[in-house]
Amino acid sequence: TEFRAEELYKYYKVYETIGSGGFAKVKLGRHILTGEKVAIKIINKKDLGDDLPLVKLEIEAMKNLSHQHICRLYQVIETSTQIFMVLEHCPGGDLFDYIIAKARLSEEETRVFFRQIVSAMAYVHSQGYAHRDLKPENILIDEDHNLKLIDFGLCAKPKGGLGYELMTCCGSPAYVAPELIQGRAYIGSEADVWSMGVLLFALLCGDLPFDDDLKITRGKYDNPHWLSPGSVLLLNQMMQVDPKRRVTVKQLLDHPWVMKDHNSPVEWDSRQLLGHIDEDCITEMAVNMKRSRESTTALVREWRFDHTTATYLLLLSKKQRGKPVRLCPQPAVYDSSCSPL
Ligand SMILES: Cn1cc(Br)cc1C(=O)Nc1[nH]nc2c1CN(C(=O)N[C@H](CN1CCCC1)c1ccccc1)C21CC1
């Protein structure tokens with residue numbers, strides 16, 4: 001279905017650029033009907049060339065991944081020259097900038113964040129995906145200081161399931177597991193655990209354990225003096241050169257270091273199942289769209305990631321944050337809380 005960019009401006013206000021990467025940029029936006037802020041990832045097809053399949057892969061992955069620690073996809077609009085991905089807005093920026101600003105995090109603050117990363121990764125793996133590009137730049141901080149995973153462009157979903165081996169060497173050099181560097185066949189979930197180990201080191205140390213490929217293949221790095229024995233042990237168990245000796249994500253869920261001060265295993269199942277339809281949101285949408293509740297429910301259940309999906313998910317987000325489950329009907333101009341100016 002080819003839409004023109006009007007399709008975007010019909011439903012969203014578009015503001016300044018808040019991020020720019022190779023072939024894409026991210027602009028701040030606002031969903032007109034709900035007044036909610038969004039982040040609009042704008043991809044120019046011609047800059048993509050034969051990388052277009054990677055974007056399609058990311059879109060399909062994000063449509064299937066619905067979790068409290070994964071950045072939410074609301075709507076996809078495709079024109080002849082561009083693809084717009086309307087995503088959850090995280091006003092806290094990314095974890096990379098956060099670590100730089102604080103130099104390094106305390107073990108306690110790191111544990112809160114690391115539990116959320118383990119939660120997200122256990123869920124991603126349970127859906128048969130491997131992220132393959134885990135790093136602080138791909139983790140955002142939302143308005144409640146919770147983490148959200150982004151950039152699934154390099155993720156993999158092996159046909160036969162996550163137990164099947166992958167061959168493509170990808171990811172960011174400092175975070176890539178030794179088996180990928182050596183061009184060997186590897187298991188996505190095991191490579192993700194290595195990257196999580198590098199990420200944990202970055203959080204606790206404000207630095208990277210390896211600065212060249214040789215050090216990665218030897219798996220040798222220095223532990224700064226401030227690390228607790230528990231942190232040193234966990235890092236060692238995650239950054240094992242032999243992937244079969246590496247700790248698994250399942251083992252991380254109730255690992256002693258992860259459980260410290262929390263006394264409960266990491267909860268990884270999704271709190272946002274797409275199967276459940278919220279009645280209050282349906283009611284508000286039915287009224288606004290002048291449709292019956294039944295036909296509105298049927299429309300939402302199609303999960304087309306069109307404006308209906310975006311309106312439903314953004315209304316649900318408002319409800320979950322204690323805001324009124326209200327839509328601002330056109331065409332009057334409203335301020336952000338939907339009250340007429
Ligand atoms: C940096 N920053 C400061 C504030 Br305040 C908000 C943000 C911010 O970026 N918020 C934000 N909310 N939602 C998103 C973002 C950024 N963002 C992103 O998807 N950001 C990634 C960042 N990648 C990390 C490594 C390479 C690029 C991106 C991908 C392609 C082009 C540009 C940016 C989304 C859409 C999911």
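These figures come from a predicted structure and were not determined experimentally.
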Distance, nearest 0.5 Å, that separates CG of Leu204 from OG1 of Thr110: 4.0 Å
Heavy-atom count around Lys319 NZ within 6.0 Å, excluding the residue itself: above 12? yes
Could you list who else is in Ile100's hydrophobic cluster, with ILVMFWY side chains joined at under 4.5 Å, directly or through other members? Phe96
Ring pair (Phe, Tyr, Trp, His ring centres under 6.0 Å) contacts in which one or both residues fall within residues 282-324, not counting sequence neighbours: Tyr11-His307, His31-His307, Trp303-Tyr312
d(Arg115 CZ, Met259 CE) to nearest 0.5 Å is 7.5 Å
Taking atom types as modelled, is there a side-chain donor on Lys25 or Thr17 under 3.5 Å from an acceptor on the other? no
Quick one: pull up CZ in Arg246 and CE in Met196 and give me the separation to the nearest 0.5 Å. 12.0 Å
Starting from Ile141, can I reach Leu203 by hopping between I/L/V/M/F/W/Y residues whose side chains sit under 4.5 Å apart? yes
Does Lys220, at its NZ atom, have more than 12 non-hydrogen atoms belonging to other residues, nucleotides or ligands within less than 6.0 Å? no
So which of Leu199, Val193, Val198 actually passes side-chain contact (heavy atoms from CB on, under 4.5 Å) with Met238? Val193
Donor-acceptor pairs under 3.5 Å, side chain of residues 146-156 to any protein atom, not counting sequence neighbours: which ones?
from	atom 1	to	atom 2	distance (Å)
Asn146	OD1	Gln116	NE2	3.0
Lys148	NZ	Gln68	O	3.0
Lys148	NZ	Glu88	OE2	3.2

What is the distance from atom OG1 of Thr311 to atom CE of Met285, rounded to the nearest 0.5 Å? 5.0 Å
